[in-house]
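We name chains A, B, ... by the order of the sequence lines, and we start the count at 1 in each one. These numbers come from the heavy atoms of this one structure, side chains and all, not from hydrogens, waters or symmetry mates.
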Amino acid sequence: EPEVTQTPSHQVTQMGQEVILRCVPISNHLYFYWYRQILGQKVEFLVSFYNNEISEKSEIFDDQFSVERPDGSNFTLKIRSTKLEDSAMYFCASSVVEDQPQHFGDGTRLSIL
Amino acid sequence: GEDVEQSLFLSVREGDSSVINCTYTDSSSTYLYWYKQEPGAGLQLLTYIFSNMDMKQDQRLTVLLNKKDKHLSLRIADTQTGDSAIYFCAEYIRNLIFGKGTKLSVKP
């Protein structure tokens, strides 16, 4: 069964450094998402992406964050200058169309030191 | 605002039924979902229900939706030790809004 893949599984970065989290969505899916889960808290929506544009973003997704689909398969989340509070599990998801089930990757655990 | 609430823990004996409950606040949700998260793993889509349905059955899983009370439940029949995980309820309104998750422990 096709799945969403995320790399790396764990990323450790110094505060203030840039980090790029990578995702390969399911190949026939058109909508892509990033969510994050701070330890012990809810899974929170960050951003959705369709047709090479951000279609929706949350308050969390400030100017430090950006997303890109650099080629036909990858979907990336960049955090420009990481802060301690960016430490979380980041999940990528994709869906065929907007309100259809979203399929999630296994996540990238981001640790900011 | 939009919110999804779940109880945090549930403990059952192997072979019993588990019922995980969820309440949500936004009646404009189109779909409601159940995801399962095993330790160290991602969110696995278990099942979902369209908001104009009141029940959906899928093998051992039964989803009940009471739209009037904004209450969703997931029943797992004949619960097995492999069902031990965190179960997340989520409503879809432009994006997924998750509950905090219910940790299901299954005792042999």
Per-residue contacts, residues 50-71 of chain B versus chain A, heavy atoms under 4.5 Å: none
Atom group of B:Leu96 that falls short of 4.5 Å from chain A, counting heavy atoms: both
Candidate pair A:Gln102 and B:Tyr35, rule side chain to side chain contact (heavy atoms under 4.5 Å, CB included), full reasoning: CA-CA 10 Å; A:Gln102 295 178 24; B:Tyr35 284 86; 3.8 Å; yes
B:Gln37, part contacting chain A, at a heavy-atom distance under 4.5 Å: side chain
Single-linkage hydrophobic cluster, 4.5 Å side-chain cutoff, A:Val4 and A:Phe91 together: no
Close approach to chain B in residues 103-113 of chain A, criterion heavy atom under 4.5 Å: A:His103, A:Phe104, A:Gly105, A:Asp106
Closest contact, heavy atoms only, A:Gln37 versus B:Phe88: NE2-CZ, 3.6 Å
Donor-acceptor contact below 3.5 Å, side chain B:Tyr92 vs main chain A:Glu98: yes
pair A:Ser48-B:Asn95: side-chain heavy atoms closer than 4.5 Å: no
Atom group of A:Tyr35 that falls short of 4.5 Å from chain B, counting heavy atoms: side chain
Close side-chain approach of B:Asp3 and A:Lys42, heavy atoms under 4.5 Å: yes
Enclosure of A:Asp63 CG (heavy-atom neighbours >12, cutoff 6.0 Å): no
